[in-house]
Engineer: 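One structure coming up, written as structure tokens, with questions to follow.
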Amino acid sequence: MNIELNETHNPSLKSWVLSANMKDCDFPIQNLPFGVFKDTIGHHVGIAIGDQILDISKAHQLGLFTDESLKAAEHCLKGSLEPLMSLESKYWSAIRLTVSSLLREGCALRNKVETCLVEAKNVEMLLPCRIGDFTDFFTSIHHATNAGKLMRPDSPLMPNFKHLPVAYHSRSSSIFASGTKVLRPHGQFKAKDQELPSFGPSRRLDFELELGFFIGKSNSIGSPIQLSEAEDHVFGMCLLNDWSARDIQAWEYQPLGPFLGKSFLTTISPWIITLEALRPFRISSLKRSSQDPALLPYLIDLNDQKFGGLDIQLEVSIQSQNMKEKNIAPQSITKSSFADQYWSIFQMVTHHTVNGCNLNTGDLIGSGTVSGPNEGESGCFLEMTQGGSKPITLKDGSERRFLEDGDEIMFAAKCKHATHTTIGFGECRGIIYPNN
Ligand code: MN
């Protein structure tokens, strides 16, 4: 367990990139997330700072890295984060420390470093790495209870929920970066009063508010990752929208689980917030009450209970096409907290590998829909509108049970703490289009 703070977390640090020092900036010098951007020359690994991106390959060319940070930078030259992610975490820390020093107020090399910056608004963000596999969990007890109530009012939670983090294996080919068009999927569905299924565009298109995390160091097949070591295998986190067609999902899911109702698209925020940047926001993961069943030993670790949780505040906003045309600002429809999760991301890693399954560098793991215990904290429409029976009203007066064409969904995440600098996750957005 490594949650010690170091000089890169110091809240008094300021950057000579002035936009990074603005209040509410997602990418202050204490964050330094990794991503991949595309310009006219090709794909490059970068680190976000304010509204700028530090191009690692340019900084490497100028000889700004030495020792362990040099090895780390050399693993960033292929336009993908996989090589860096596959290294030991000390190399991730080394490049973070060097970049932090280069971007600090008063850095003597500022003039050189300045030539390595590109404006974020002038480049396109890509996926950070090749994502081989994508597993989506189901770890919010509030989401599991509220969604379960719609189907089983008397026993909403499935009997396994408190014993293991439930998951299904999802599709990696259809994961795209924020901003990708969301084409309304077509498929089969059957309403309860219909005798036979029909085919057409989904009428119950939904978002799912989730966090994702990327596997850094892999494990070999047959070698489970112990809970005490799970942290060493997680590179960092992003926002994840697991778009879901509820009507397709409801008809197809038995007995093997979600398939085409989910696999048409998943959108992620393109910047990976490293576990090191998240250290100041680690909290207890222990959400179990004395009435909850005891855990099996492989899911118990004292450090995980003390520090396995993450205090990340999430928010969803919507802006319909009509709102856009009338200049009505996006409307916040949900706020929830990752602090409320029943299972930690480290328990997810350990459970995923306990049977000997190997996780590869670049694999993406989703947390499942993050909902809170109160009203206004639902991580999807299914829950918020109780299966579409209680529509919400938007600022332009229109109602929503599920998503309509032209709607834009935006996720945001912030980590806030009284004595630490606020960091954010950047954008995860998508607009719904008909697929004609
Ligand atoms: Mn999901």
Side-chain angles (χ1 to χ4, degrees), residues 131 133-151 156-158 160-161 164-178 180 182 185 187 202 204-215 237-254 256-269 312 314-316 333-334 336-338 340-345 347-349 351-352 363-372 377-385 387 402-403 409-411 413 425 428-430 432:
I131 301 171
D133 271 306
F134 170 34
T135 305
D136 198 19
F137 276 84
F138 184 67
T139 58
S140 159
I141 194 165
H142 307 294
H143 173 65
T145 306
N146 295 337
K149 266 185 201 156
L150 296 170
M151 257 114 55
L157 267 195
M158 292 299 243
N160 57 7
F161 187 88
L164 55 84
V166 172
Y168 71 100
H169 190 255
S170 195
R171 186 80 197 158
S172 56
S173 66
S174 50
I175 302 170
F176 284 84
S178 175
T180 299
V182 184
S202 168
R204 290 162 72 88
L205 184 57
D206 203 352
F207 66 88
E208 284 190 346
L209 171 63
E210 304 194 18
L211 283 172
F213 60 93
F214 284 94
I215 297 300
M237 303 188 76
C238 64
L239 283 161
L240 187 156
N241 189 338
D242 181 25
W243 303 99
S244 300
R246 301 301 186 190
D247 39 9
I248 298 173
Q249 186 186 351
W251 171 231
E252 74 177 359
Y253 86 101
Q254 287 169 318
L256 291 184
F259 181 40
L260 302 179
K262 300 271 192 183
S263 61
F264 56 95
L265 181 69
T266 303
T267 304
I268 62 170
S269 56
I312 305 172
L314 304 165
E315 184 166 13
V316 181
I333 50 172
T334 286
S336 71
S337 171
F338 203 64
D340 290 329
Q341 292 300 98
Y342 194 81
W343 296 99
S344 76
I345 62 171
Q347 286 171 315
M348 295 182 217
V349 168
H351 182 66
H352 202 314
D363 283 357
L364 178 63
I365 316 274
S367 65
T369 306
V370 183
S371 298
E377 299 177 346
S378 301
C380 61
F381 270 128
L382 182 77
E383 219 182 285
M384 199 185 309
T385 66
F402 290 98
L403 290 162
I409 287 286
M410 290 149 265
F411 290 177
F425 277 59
C428 183
R429 56 171 74 220
I432 315 299

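One-based numbering along the sequence shown. Both counts, for ligands and for their atoms, begin at 1 and track the order of listing.
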Engineer: Do you know which N/O/S atom name in D242 is closest to the Mn ion (ligand 1)?
Structural biologist: OD2
Engineer: Side chains of D247 and S202: do they bring a donor and an acceptor to under 3.5 Å?
Structural biologist: yes
Engineer: Near Y168 OH, under 6.0 Å, is it more than 12 heavy atoms from other residues, nucleotides or ligands?
Structural biologist: yes
Engineer: Quick one: does S173's side chain have a donor or acceptor within less than 3.5 Å of a partner on R171's backbone?
Structural biologist: no
Engineer: In E210, the N, O or S atom nearest to the Mn ion (ligand 1) is which?
Structural biologist: OE2
Engineer: Taking the Mn ion (ligand 1) as the vertex, measure the angle between atom OE1 in E208 and atom OD2 in D136; round to 10°.
Structural biologist: 160°
Engineer: Give a yes-or-no answer on whether the side chains of S371 and E383 include a donor-acceptor pair shorter than 3.5 Å.
Structural biologist: yes
